[in-house]
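The structure under discussion appears below in the form of C-alpha coordinates.
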Amino acid sequence: MAKDHGKQIKNDDTYEELRDQGYSKEKSARIANAQANSDQHPSEKGGKGKKYEKRTKQALYDKAKEVGIEGRSKMSKDELIDALRNH
(Lines give C-alpha, C1' and ligand atoms only; values in the text may rest on other atoms or scores of the structure.)
Protein backbone atom coordinates (compact mmCIF):
# COMPACT_ATOMS: atom_id res chain seq x y z
CA MET A 1 0.00 0.00 0.00
CA ALA A 2 1.26 3.46 -0.89
CA LYS A 3 2.23 6.02 1.70
CA ASP A 4 -0.34 8.77 2.23
CA HIS A 5 1.18 11.95 0.80
CA GLY A 6 -1.59 14.18 2.10
CA LYS A 7 -4.30 16.01 0.25
CA GLN A 8 -1.85 17.54 -2.26
CA ILE A 9 -1.42 14.15 -3.94
CA LYS A 10 -4.70 12.65 -5.12
CA ASN A 11 -3.33 9.28 -6.30
CA ASP A 12 -0.55 8.08 -3.98
CA ASP A 13 0.09 4.81 -5.87
CA THR A 14 0.66 6.57 -9.19
CA TYR A 15 2.79 9.25 -7.51
CA GLU A 16 5.08 6.64 -5.94
CA GLU A 17 5.37 4.66 -9.19
CA LEU A 18 6.42 7.80 -11.07
CA ARG A 19 8.92 8.79 -8.36
CA ASP A 20 10.42 5.26 -8.54
CA GLN A 21 10.81 5.75 -12.29
CA GLY A 22 12.83 8.91 -11.65
CA TYR A 23 10.24 11.60 -12.27
CA SER A 24 10.52 14.81 -10.22
CA LYS A 25 8.19 15.41 -7.29
CA GLU A 26 6.42 18.15 -9.23
CA LYS A 27 5.89 16.13 -12.41
CA SER A 28 4.82 13.03 -10.45
CA ALA A 29 2.28 15.10 -8.52
CA ARG A 30 0.94 16.74 -11.70
CA ILE A 31 0.45 13.43 -13.48
CA ALA A 32 -1.00 11.62 -10.45
CA ASN A 33 -3.44 14.45 -9.77
CA ALA A 34 -4.47 14.77 -13.41
CA GLN A 35 -5.20 11.05 -13.62
CA ALA A 36 -7.20 11.19 -10.41
CA ASN A 37 -9.31 14.04 -11.84
CA SER A 38 -9.96 12.53 -15.24
CA ASP A 39 -10.00 9.31 -17.20
CA GLN A 40 -8.21 11.14 -19.99
CA HIS A 41 -4.49 11.73 -20.30
CA PRO A 42 -3.66 15.32 -19.27
CA SER A 43 -2.61 16.28 -22.81
CA GLU A 44 -5.98 15.12 -24.19
CA LYS A 45 -8.02 17.54 -22.09
CA GLY A 46 -7.04 20.49 -24.23
CA GLY A 47 -8.02 24.11 -23.90
CA LYS A 48 -10.66 24.05 -21.19
CA GLY A 49 -8.76 26.11 -18.62
CA LYS A 50 -8.05 29.82 -18.50
CA LYS A 51 -4.68 30.91 -19.80
CA TYR A 52 -2.20 31.33 -16.96
CA GLU A 53 -1.72 35.02 -17.81
CA LYS A 54 -5.43 35.67 -17.20
CA ARG A 55 -5.41 34.02 -13.76
CA THR A 56 -4.73 35.83 -10.51
CA LYS A 57 -1.47 35.31 -8.67
CA GLN A 58 -3.46 33.54 -5.91
CA ALA A 59 -5.02 31.16 -8.44
CA LEU A 60 -1.58 30.39 -9.85
CA TYR A 61 -0.22 29.86 -6.33
CA ASP A 62 -3.08 27.47 -5.55
CA LYS A 63 -2.40 25.50 -8.75
CA ALA A 64 1.33 25.37 -7.95
CA LYS A 65 0.47 24.07 -4.48
CA GLU A 66 -1.83 21.44 -5.99
CA VAL A 67 0.91 20.07 -8.23
CA GLY A 68 3.62 20.34 -5.58
CA ILE A 69 5.88 23.10 -6.89
CA GLU A 70 8.42 23.96 -4.22
CA GLY A 71 9.36 27.58 -3.45
CA ARG A 72 6.04 28.88 -4.75
CA SER A 73 5.48 31.28 -1.84
CA LYS A 74 8.46 33.41 -2.93
CA MET A 75 7.59 33.43 -6.65
CA SER A 76 6.17 36.33 -8.63
CA LYS A 77 3.22 35.80 -10.96
CA ASP A 78 5.55 35.40 -13.95
CA GLU A 79 7.71 32.92 -12.04
CA LEU A 80 4.64 30.89 -11.06
CA ILE A 81 3.53 30.78 -14.70
CA ASP A 82 6.99 29.62 -15.79
CA ALA A 83 7.14 26.99 -13.04
CA LEU A 84 3.71 25.64 -13.93
CA ARG A 85 4.58 25.40 -17.60
CA ASN A 86 8.00 23.84 -17.14
CA HIS A 87 7.79 21.41 -14.24
Side-chain angles (χ1 to χ4, degrees):
M1 178 162 198
K3 175 184 169 191
D4 182 3
H5 296 281
K7 57 185 171 180
Q8 286 184 318
I9 306 298
K10 295 182 175 97
N11 186 327
D12 294 308
D13 290 325
T14 300
Y15 175 81
E16 286 188 13
E17 287 176 26
L18 293 166
R19 290 292 292 142
D20 289 344
Q21 293 175 24
Y23 286 87
S24 70
K25 290 178 183 178
E26 293 87 1
K27 188 163 190 168
S28 298
R30 180 175 52 85
I31 293 169
N33 290 342
Q35 287 179 348
N37 290 333
S38 174
D39 291 337
Q40 294 178 311
H41 187 274
S43 64
E44 294 172 350
K45 292 169 102 175
K48 294 180 184 171
K50 265 173 121 177
K51 293 192 182 274
Y52 286 142
E53 290 79 8
K54 295 190 182 231
R55 297 184 191 189
T56 65
K57 183 178 178 186
Q58 183 63 48
L60 294 167
Y61 174 86
D62 292 343
K63 182 68 174 175
K65 182 177 180 182
E66 178 185 320
V67 298
I69 293 175
E70 295 179 11
R72 63 190 171 268
S73 65
K74 295 178 181 157
M75 291 183 184
S76 68
K77 182 175 179 177
D78 288 337
E79 289 169 325
L80 286 166
I81 291 169
D82 186 55
L84 286 164
R85 286 192 171 136
N86 298 302
H87 72 278

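It should be emphasised that the depicted structure is a prediction, and the values quoted were computed from it without experimental measurement. Residue numbers count from 1 along this sequence.
Atoms CD and CG, from Glu53 and Leu60 in turn, are 8.5 Å apart once rounded to the nearest 0.5 Å. Between the CG atom in Asn86 and the NZ atom in Lys27 there is a gap of 11.0 Å [rounded to 0.5 Å]. With rounding to the nearest 0.5 angstrom, the CG atom of Leu84 is 4.5 Å from the OH atom of Tyr52.
Residue-environment remark: OH (Tyr61) exceeds the threshold of 12 foreign heavy atoms within 6.0 Å. By the 6.0 Å contact criterion, NZ on Lys77 is enclosed, its count of non-hydrogen atoms from other residues, nucleotides or ligands being greater than 12.
The two residues Ala29 and Ile9 make their nearest non-hydrogen contact at CB-CD1, 3.4 Å. Smallest separation of non-hydrogen atoms from Leu18 and Ala32: CD1-N, 4.4 Å. Considering every non-hydrogen atom in both Glu26 and Gly68, the closest pair reads CG-O, 3.3 Å. Between Glu70 and Lys25, the closest heavy-atom pair is OE2-CD, 3.6 Å.
Within the 4.5 Å cutoff, side-chain heavy atoms of Met75 are placed close to those of Ile69. With contacts defined as side-chain heavy-atom distances shorter than 4.5 Å, the pair Lys57/Leu80 qualifies.
When the side chains of ILVMFWY residues are joined at heavy-atom separations under 4.5 Å, either directly or via intervening members, Ile81 and Val67 end up in a single hydrophobic cluster.
The pair Lys63-Glu66 meets the salt-bridge criterion, with a side-chain N (NZ, NE, NH1 or NH2) lying under 4.0 Å from an Asp/Glu carboxylate O.
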